[in-house]
Amino acid sequence: MTDKQCDIGIVGAGTMGANLAFNFADHGYRVALYDEDELKAAELAQGKEGAGMLKAGKTVRELADILHRPRAVLLMVPAGKPVDDVIAALVPYFDEADLIIDGGNSHFSDTNRREKLLTAKGMLFMGMGISGGEYGARHGPSIMPGGPFQSYERVQKILEASAARVDGDPCVAHLGPGSSGHYVKMVHNGIEYGLLQLISETYDIMKRGLMMNAYELAEIYSKWNSGELNSYLVEITSDILRYRDEKDPNLALIDLILDRARQKGTGKWTSWDAMELQVPTPNVDAAVMMRNLSDHLDERREVSEVLQGPEHRFEGNPAELVDHLRSALFAATVVTYTQGMALMREASKSYGYGLELETVAKIWRGGCIIRAAVLEPIRAAFGRRPELPNLLMDDYFSREIGSRQKSLRSVVKTAAELGLPAPGFSASLAYLDAYRSAWLPANLIQAQRDYFGAHTYERKDMPGKFLHTEWKDTEEDT
Ligand code: 6PG
């Protein structure tokens with residue numbers, strides 16, 4: 001590299017940081033790298049990949065020195081305290097108008113706080129979701145930036161060059177002010193949790209209900225991936241099921257993996273905020289609940305010895321069940337996206353993000369973990385009606401879901417009969433049935449709350465009036 005200044009800095013030379021650095025370098029951008037492990041950054045800068053385009057800063061001061069002014073630096077460090085620590089370390093060497101971008105999975109409230117802090121110093125801050133894992137970072141992720149538009153403009157070219165592309169369009173767009181980018185990434189992950197849960201339920205029903213082995217299952221997911229269910233997550237499921245153990249190639253690796261799923265927290269944050277904003281996201285809630293339940297491994301093993309249920313084996317027509325599963329998975333997938341989009345619609349209003357849901361769906365079509373063919377019709381639905389409150393109100397989706405209702409019911413019924421847990425499918429069906437119900441039994445809940453707590457209720461024929469009734473006359477009766 002010449003002694004020219006670098007176009008962008010990256011703090012954190014872990015897998016994601018390194019791969020993004022190579023990706024930026026591939027597109028002709030000079031990258032300054034800093035890692036608290038000095039050797040790590042130096043090794044990357046001297047390596048073959050990205051040669052001539054990467055330069056390591058031994059210290060934060062050196063990083064600041066080798067960056068083009070006004071500076072732009074991307075933090076790729078674990079969410080939480082490390083982000084605050086790096087910001088505190090950078091600030092003394094950075095100037096007004098310099099830009100710090102947090103590319104991790106930070107909680108949106110932290111992003112709001114950090115933006116305030118840096119704005120007060122005259123600096124710029126941007127919270128930016130990045131999805132696509134290692135491969136995406138290297139070859140084209142989906143990028144979800146939020147913050148002041150002037151910040152985005154400063155790095156727009158480099159982000160557009162490095163993001164995934166679908167139909168020639170980069171999977172990146174300025175989403176809105178403040179923490180909008182991190183909020184959208186959080187919901188992306190919430191949807192990711194929901195979809196992983198649904199796929200795992202289809203796997204369970206076919207494995208324990210139809211006694212299919214991993215290789216047979218791999219074929220099914222591979223077939224599904226060539227149709228309406230075409231998506232990254234269905235595709236990798238097939239790859240995973242086909243993978244043989246290196247120690248014993250007669251075994252499928254999946255059968256040797258412990259049935260306990262961990263989590264970093266973005267799914268839980270999605271559910272929390274959905275509760276806060278009173279937007280139902282039962283598919284995300286169910287997915288978080290199942291990860292938590294999977295973690296109670298010893299208890300499950302003990303209870304499985306004493307609490308018996310029905311025979312898991314399905315006695316009906318296997319091909320028919322597989323067909324219902326495919327159709328139900330599509331319906332429940334749409335319901336999961338529906339809940340995520342509805343949450344973003346409400347968050348956009350409550351937090352002033354001004355999100356365009358068409359744009360969100362558009363940049364999720366490539367690069368990210370939840371990329372799927374269905375995101376194109378989702379994009380189109382919000383394109384037709386930008387203020388669409390719920391995807392199920394869209395004619396296309398209400399028809400598509402309507403025609404798959406039978407399969408969804410059949411899967412929920414079969415799972416219940418076989419004693420196989422399917423909370424993702426059940427939640428999808430309950431959401432669907434509740435959402436398409438002009439009447440719900442909430443009148444009884446209103447009356448009960450008024451009975452025991454004088455919380456008042458609204459009558460149908462007296463809208464806007466809140467009444468209380470003494471449901472029992474005498475005190476000793478209550
Ligand atoms: C992505 C992923 C990424 C990561 C999740 C995993 O978009 O690239 O979502 O962010 O894989 O954080 O989250 P859990 O550890 O909570 O499952």
Side-chain angles (χ1 to χ4, degrees), residues 12 14-20 23 74-80 82-83 101-108 110-111 127-146 159 162-164 166 171-173 175 179-200 231-237 239-240 257-274 281 283-295 333 336-337 340 343-344 360-361 363-372 375 424:
T15 320
M16 288 297 283
N19 281 334
L20 280 168
N23 184 351
L74 172 61
L75 313 188
M76 294 305 300
V77 296
V83 178
I101 306 165
D102 173 15
N105 277 333
S106 291
H107 191 274
F108 65 95
D110 285 333
T111 303
M128 187 168 90
I130 302 177
S131 177
E134 245 173 83
Y135 184 90
R138 180 67 186 88
H139 301 284
S142 171
I143 310 178
M144 294 152 252
L159 297 181
S162 320
V166 173
C171 294
V172 57
L175 294 175
S179 52
S180 55
H182 273 150
Y183 197 91
V184 169
K185 178 60 178 24
M186 177 189 79
V187 177
H188 165 285
N189 283 25
I191 294 172
E192 176 184 304
Y193 273 56
L195 300 180
L196 290 172
Q197 176 59 31
L198 289 170
I199 296 172
S200 77
S231 61
Y232 175 68
L233 290 176
V234 171
E235 181 190 329
I236 65 164
T237 305
D239 292 348
I240 290 167
I257 295 181
L258 192 65
D259 54 319
R260 170 160 66 190
R262 308 282 169 133
Q263 53 191 311
K264 289 205 202 101
T266 40
K268 181 174 67 184
W269 295 348
T270 306
S271 282
W272 277 350
D273 205 55
T281 56
N283 280 68
V284 185
D285 309 343
V288 175
M289 177 273 283
M290 281 303 273
R291 287 207 199 181
N292 294 339
L293 211 150
S294 78
D295 207 22
T333 293
T336 308
Y337 281 104
L343 175 57
M344 287 189 287
V360 174
I363 66 168
W364 281 356
R365 292 178 310 163
C368 67
I369 303 296
I370 62 167
R371 63 184 184 263
L375 277 159

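Counting starts at 1 for both ligands and their atoms, in listed order.
- Heavy-atom proximity to Ile369, at under 4.0 Å, picks out these atoms of ligand 1: 1 (C), 2 (C), 7 (O), 8 (O).
- Ligand 1 places these atoms under 4.0 Å from at least one heavy atom of Lys264: 14 (P), 15 (O), 16 (O).
- Protein heavy atom at the shortest distance from atom 11 (O) of ligand 1 is Glu192 OE2, 4.2 Å.
- The contact set between ligand 1 and Gln263, taken as ligand atoms under 4.0 Å from a residue heavy atom, comprises 15 (O), 16 (O).
- Set against the non-hydrogen atoms of Gly133, the atoms of ligand 1 under 4.0 Å away are 8 (O).
- Residues Asp295 and Arg262 form a side-chain contact, since some pair of their non-hydrogen atoms from C-beta on lies under 4.5 Å apart.
- A donor-acceptor contact shorter than 3.5 Å is absent between the side chain of Arg138 and the backbone of Tyr135.
- The heavy-atom pair separating Leu20 from Pro141 by the smallest distance is CD2-CG, 4.3 Å.
- Not a single donor-acceptor pair under 3.5 Å links the side chain of Asn283 to the backbone N or O of Gly194.
- With hydrogens left out, the protein atom closest to atom 12 (O) of ligand 1 is Asn105 ND2, 3.2 Å, a heavy atom.
- Under the 4.5 Å side-chain criterion, counting only non-hydrogen atoms from C-beta, Tyr183 is not in contact with Thr111.
- Side-chain contact, Asp110 with Ser106: no donor N or O sits under 3.5 Å from an acceptor N or O.
- Residue contact annotation: Cys368 has no non-hydrogen atom under 4.0 Å from ligand 1.
- Between Leu196 and Arg291 there is a side-chain heavy-atom pair separated by less than 4.5 Å.
- By the 4.0 Å heavy-atom criterion, Gly267 is excluded from the residues contacting ligand 1.
- Below 3.5 Å of separation, one finds an N or O of Ser131 facing an N or O of ligand 1.
- Protein heavy atom at the shortest distance from atom 5 (C) of ligand 1 is Asn189 ND2, 3.7 Å.
- Between the side chain of Ser131 and the backbone N or O of Ser142, no donor-acceptor pair lies under 3.5 Å.
- Counting protein heavy atoms only, atom 16 (O) of ligand 1 is closest to Tyr193 OH, 2.4 Å.
- Proximity to Gly265 (heavy-atom distance under 4.0 Å) selects the following atoms of ligand 1: 16 (O).
- Under the 4.5 Å side-chain criterion, counting only non-hydrogen atoms from C-beta, Lys268 is not in contact with Tyr193.
- Close N/O approach between Gly132 and ligand 1 is found [any backbone or side-chain N/O within under 3.5 Å].
- Proximity of a side-chain donor or acceptor of His182 to a complementary backbone N or O of Gly104 within less than 3.5 Å is detected.
- In this structure, the protein non-hydrogen atom closest to atom 17 (O) of ligand 1 is Arg291 NH1, 2.7 Å.
- Atoms of ligand 1 lying under 4.0 Å from any heavy atom of His188, numbered from 1 in the order shown and given with element: 7 (O).
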